[in-house]
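Below: the structure, in structure tokens.
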Amino acid sequence: MYSDKVLDHFANPRNVGVIEDADGMGEVGNPTCGDLMKITINVADDKTISDIKFQTLGCGAAIATSSVVTEMAMGLELDDALAITKQQIADELGGLPPEKLHCSVLAADGLADAIKDYRSKG
Amino acid sequence: MYSDKVLDHFANPRNVGVIEDADGMGEVGNPTCGDLMKITINVADDKTISDIKFQTLGCGAAIATSSVVTEMAMGLELDDALAITKQQIADELGGLPPEKLHCSVLAADGLADAIKDYRSKG
Amino acid sequence: MSDQDSIYLDHAATTPCDPRVVDAMNPYFTEVFGNPSTMYEGGRKAKQALEGARETIANAIGAKPEEIIFTSGGTESDNHAIIGLAEAGKMKGKKHIVTTPIEHHAVLEPAEYLKARGFELTILPVDEHGIVHPEEVKKVLRDDTAVVSIMHSNNEVGTIQPLSEISKVTKEAGVPLHTDAVQSFGSVPVNVDDLGCDLLSISSHKFYGPKGVGALYVRKGTRIRPLIRGGAQERNRRASTENISGIIGLAKAAEIALAEMEVTSARITKLRDRLVNGLFNVLTDIRHNGHPTERLPNNVNICVRGVEGEAMLLFLDMKGISASSGSACSSGSLEPSHVLRAMGIPQEVAHGSLRFTLGKKTTEEQIDKVLAEIPAIVDRLRQMTPYQQPPEHYKMPEWLAAKA
Amino acid sequence: MSDQDSIYLDHAATTPCDPRVVDAMNPYFTEVFGNPSTMYEGGRKAKQALEGARETIANAIGAKPEEIIFTSGGTESDNHAIIGLAEAGKMKGKKHIVTTPIEHHAVLEPAEYLKARGFELTILPVDEHGIVHPEEVKKVLRDDTAVVSIMHSNNEVGTIQPLSEISKVTKEAGVPLHTDAVQSFGSVPVNVDDLGCDLLSISSHKFYGPKGVGALYVRKGTRIRPLIRGGAQERNRRASTENISGIIGLAKAAEIALAEMEVTSARITKLRDRLVNGLFNVLTDIRHNGHPTERLPNNVNICVRGVEGEAMLLFLDMKGISASSGSACSSGSLEPSHVLRAMGIPQEVAHGSLRFTLGKKTTEEQIDKVLAEIPAIVDRLRQMTPYQQPPEHYKMPEWLAAKA
Ligand SMILES: Cc1ncc(COP(=O)(O)O)c(C=O)c1O
Ligand SMILES: Cc1ncc(COP(=O)(O)O)c(C=O)c1O
């Protein structure tokens with residue numbers, strides 16, 4: 001049901017953890033299924049994401065999308081990171097089962113929330 | 001589905017045919033299923049059935065009940081022959097499948113019709 | 001009677017499983033037994049097999065995999081189609097159902113059930129060969145018609161309907177057309193686009209697959225309600241843990257049937273013609289039922305004057321020959337074949353009906369054995385007959401006389 | 001992962017066929033393949049086998065053969081019971097249905113379907129162990145109640161209902177009681193007179209029989225309408241050519257299950273207790289769901305704090321362990337288990353649910369392997385958790401602590 005890439009990101013998630021004194025932090029949850037995600041970022045030159053870490057309580061798809069979105073966002077300019085869609089995340093993982101697509105919304109939302117947090121402090 | 005005795009009477013029916021110048025003749029049909037039966041009898045001493053023959057267009061149960069009823073009636077006094085019920089006929093054959101019980105009505109009716117015919121000529 | 005000697009000519013009732021089908025099913029009982037709805041390896045394997053089977057069935061009838069619903073057989077497929085379309089139609093204010101008098105009871109009974117619950121039911125006329133004429137369909141269609149159900153081929157007399165003509169009419173009217181192809185699939189080509197139907201039923205055990213499994217094709221976009229509820233299986237259209245071994249058997253049987261159909265059906269057609277011609281040679285006063293040419297390759301249906309069907313079946317059985325009859329007494333229902341009656345055959349003629357349906361193992365020797373045995377059987381029964389029916393219904397049809 | 005190493009602990013989802021069941025079925029695919037409705041030898045043999053199987057099933061639950069209807073599985077049995085009783089009741093002016101919130105969807109969905117069509121539906125409360133209390137049933141019964149459906153044992157948490165108490169209430173009120181015994185049959189004794197139920201569903205693939213076949217018991221005298229129509233099979237109660245091989249498999253599986261139940265269930269109960277106690281030893285912050293004693297011998301259901309169910313299943317699967325979860329993400333439906341929710345378990349707790357259901361081939365080594373693997377899995381996932389739930393829901397229940 002899951003692609004090999006999903007399973008790899010699930011079993012070996014990248015960038016797990018919390019950045020101490022992060023420049024921005026996003027916290028999102030999926031009220032229907034109960035998944036939760038926390039994402040912390042550091043921003044260099046007020047422009048690019050220089051570090052990113054996540055924590056997720058959720059299913060395989062939630063963890064894998066969380067992991068892959070940190071890879072996708074690392075080094076990106078903030079506006080480009082904000083533009084990442086759940087479809088792009090799913091595509092990056094080689095697709096998700098239809099009933100699991102909704103899980104990728106968490107990763108996109110969490111990243112956006114962290115960037116918003118960073119900017120609100122600006 | 002049929003007992004051995006039914007199959008025996010079906011495959012080797014007793015008393016098939018028509019008695020020439022019979023004392024009585026019964027002709028009955030089952031309007032729903034289309035079975036037809038003709039039964040002819042001779043009566044001795046205005047009292048007992050001395051000869052009996054049948055012809056039947058019908059299913060295995062119709063033929064077997066026709067055959068067995070001729071055996072049952074042969075030598076009987078008329079009132080006793082009239083008293084033969086479809087249940088007795090079925091029992092004599094070792095039973096009939098439930099959906100076939102209605103077929104035995106033909107044999108009882110045919111015999112009764114022949115006796116009535118004999119008596120009406122009286 | 002050893003199986004060796006037995007002559008099975010009731011393939012319209014059911015067929016034996018092809019041994020290759022049994023072999024294909026076997027791993028799915030004990031090895032790949034997982035519930036396809038589960039996510040672990042054993043479930044994924046089962047799911048994969050299930051979806052492979054769905055593709056096979058879809059390909060076999062020119063459909064897309066997502067248009068196939070697996071069911072427990074032809075009856076469920078038919079029930080699901082009729083009731084499911086009617087209930088979906090009702091939500092849009094539709095309340096009219098159209099079918100024919102020669103359908104299998106698996107169509108007629110749901111139609112009657114819906115009628116008792118407020119639907120209006122139109123039963124179309126058929127001609128003496130059992131053909132439904134497209135213009136008759138056109139006449140009765142209404143704005144509120146929820147479903148038209150017309151079988152592809154008839155199980156008793158083998159008549160094949162002009163479905164691609166009929167579907168032009170239903171398409172124009174925008175009414176979903178269901179067809180019961182239970183007897184057709186594996187015998188004659190069945191392609192949903194050629195036929196133009198929106199729903200189509202098949203049943204595995206009619207083409208050498210296992211009993212208790214079938215499929216319903218539902219054209220994409222057709223609104224239909226489920227019949228069996230309580231799970232997300234079959235895209236929410238048919239609940240219950242999937243009968244994975246049965247479905248694999250169905251698919252394997254379909255695969256074999258399609259691969260061998262052309263050769264097998266040609267062979268069977270020859271044997272069928274040998275049997276029909278032979279019957280007219282060895283028996284007097286019989287009639288042939290169903291359409292002369294628009295018919296299944298394996299079906300022979302006759303009426304024999306002055307004898308009853310079940311009685312013939314009994315004697316045939318004693319000779320190891322398995323056949324069928326539409327007589328009231330052979331049905332256990334007190335009613336002679338509704339199909340023969342709808343074709344205008346009088347009750348007393350239907351009383352002597354006899355059906356032989358040939359299969360892929362049927363041989364010339366078997367046909368000749370039937371032809372050798374049957375005259376004595378008919379004679380014996382005719383000698384017991386009190387009354388000769390008028391002979392006008394019993395003669396060789398011209399098309400057959402021309403062939404002979 | 002070779003099959004050798006794989007540890008299947010999802011027997012509530014489905015079971016593999018017992019090889020003896022496959023052997024019993026085999027002749028019915030190719031040899032005794034006749035349609036049981038036919039009268040010739042091949043049909044009679046099939047009919048005889050069919051009626052033998054009916055007797056076996058009847059004996060297995062303390063019923064009479066004529067009270068058994070063969071179906072395509074547990075879902076059809078449940079649908080048939082609920083809809084068939086409701087439709088029969090409707091003819092007598094009844095329009096009320098009673099069931100529980102912990103039923104399988106095969107009961108809940110037909111109930112909802114009937115509700116949408118004018119029936120009134122009462123969903124009974126259950127306590128925190130998932131028990132339905134007889135006095136709650138008594139409270140809601142009405143003169144126009146057409147059906148009460150209360151499952152015998154629950155598929156998720158294993159809780160067994162006090163059905164013989166409940167049936168006293170329904171009997172007194174003269175309302176037919178249906179029970180879904182799909183998870184019970186073969187695991188615990190099921191006798192229709194002891195339970196006092198009027199209808200009872202079973203499904204073959206839950207006790208090492210083939211998929212796609214089940215049975216519905218209907219107590220003599222109970223008025224019920226058919227669900228699948230179009231033939232006189234099953235005494236006019238369930239149309240379609242009988243799935244003879246499947247039915248033989250069902251009967252053989254029932255026979256084996258009954259003969260071995262006592263020994264097997266005792267063995268499984270021990271393993272189950274080893275697993276539960278072990279889980280509380282190797283994991284912190286877990287809770288045990290379902291009734292402490294009134295439960296199926298093979299069911300273990302826990303919730304693990306701070307992790308999601310499907311994620312655990314994935315890691316377990318990588319270790320060759322097949323289990324199940326009631327979390328929303330594992331169901332594909334976005335809803336966490338309706339059973340856990342009905343028992344008052346908060347959504348965030350149900351999120352971490354995990355079910356192991358043991359079977360007759362489960363070994364102590366397998367249980368110990370699970371206990372050895374699971375701590376690392378839970379640790380790994382907990383390390384990724386952004387947020388710790390309050391621990392109040394996660395502790396060893398007193399009854400278990402007392403045992404340990
Ligand atoms: C034309 C037709 N439709 C439907 C059915 C029902 O199929 P099944 O017995 O698989 O339910 C049959 C055969 O029984 C049939 O011949
Ligand atoms: C309690 C219960 N009822 C009904 C069913 C449905 O059975 P089936 O899958 O055979 O239709 C199941 C299992 O799926 C079940 O566990």
Side-chain angles (χ1 to χ4, degrees), chain B residues 1-19 22 25-40 52-67 70 96-107 109-111 113-114, chain C residues 1 13 285 303-338 340-341 345-354 373 376-391 393-394:
Chain B
M1 120 194 181
Y2 286 131
S3 70
D4 286 347
K5 191 150 181 196
V6 172
L7 290 175
D8 176 41
H9 273 274
F10 164 71
N12 312 295
R14 333 299 198 236
N15 307 310
V16 175
V18 183
I19 304 170
M25 178 172 85
E27 279 184 309
V28 287
N30 187 328
T32 35
C33 74
D35 287 352
L36 296 168
M37 182 192 194
K38 182 192 274 188
I39 201 162
T40 46
I52 181 164
K53 285 200 185 318
F54 84 95
Q55 286 184 321
T56 289
L57 164 56
C59 64
I63 290 171
T65 51
S66 300
S67 165
T70 63
L96 280 172
E99 72 276 15
K100 287 291 179 181
L101 263 178
H102 74 98
C103 298
S104 45
V105 82
L106 210 63
D109 286 0
L111 176 60
D113 199 51
Chain C
M1 181 73 47
D285 289 356
C303 288
V304 182
R305 186 183 173 204
V307 296
E308 189 277 337
E310 194 224 60
M312 288 189 277
L313 296 188
L314 281 171
F315 278 132
L316 286 168
D317 183 37
M318 290 175 188
K319 298 291 179 191
I321 299 164
S322 301
S324 164
S325 166
S327 83
C329 293
S330 67
S331 74
S333 75
L334 276 181
E335 290 290 335
S337 156
H338 66 285
L340 298 177
R341 298 290 287 118
I345 295 175
Q347 177 182 306
E348 66 272 19
V349 178
H351 200 229
S353 92
L354 194 58
E373 296 287 359
I377 290 171
V378 170
D379 274 359
R380 217 161 145 181
L381 287 166
R382 276 179 178 162
Q383 276 163 23
M384 261 189 271
T385 292
Y387 162 78
Q388 285 304 329
Q389 293 157 302
H393 293 294
Y394 305 93

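All values below were derived from every heavy atom in this structure, side-chain atoms included, with hydrogens, water molecules and symmetry-related copies excluded. In what follows, chains are A, B, ... by sequence order, proteins preceding strands, each numbered from 1.
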Q.
Among N30(B), V16(B), T56(B), which residue has the highest count of heavy-atom pairs closer than 4.5 Å to chain C?
A. T56(B)

**Q.** Structural part of P13(B) lying under 4.5 Å from a heavy atom of chain C
**A.** side chain

**Q.** Minimal non-hydrogen separation, E308(C) against D35(B), with atom names
**A.** CG-OD1, 4.1 Å

Q: Check E310(C) against G60(B) and note the closest heavy-atom contact, atom names and distance.
A: OE1-N, 2.7 Å

**Q.** Segment of I63(B) engaging chain C (4.5 angstrom heavy-atom cut-off)
**A.** side chain

Q | Pairs of heavy atoms under 4.5 Å with chain B: top-ranked of R380(C), Q383(C), E348(C) | A | R380(C)

**Q.** Residues, nucleotides or ligands: over 12 heavy atoms within 6.0 Å of N12(B) CG
**A.** yes

Q. Looking at A311(C) and G58(B), what are the two nearest heavy atoms and their distance?
A. CB-O, 3.5 Å

Q) Between K38(B) and P386(C), which heavy-atom pair has the shortest distance, and what is it? A) CB-CB, 3.6 Å

**Q.** chain C contact via A62(B) - side chain, backbone, both or neither, heavy atoms under 4.5 Å
**A.** neither

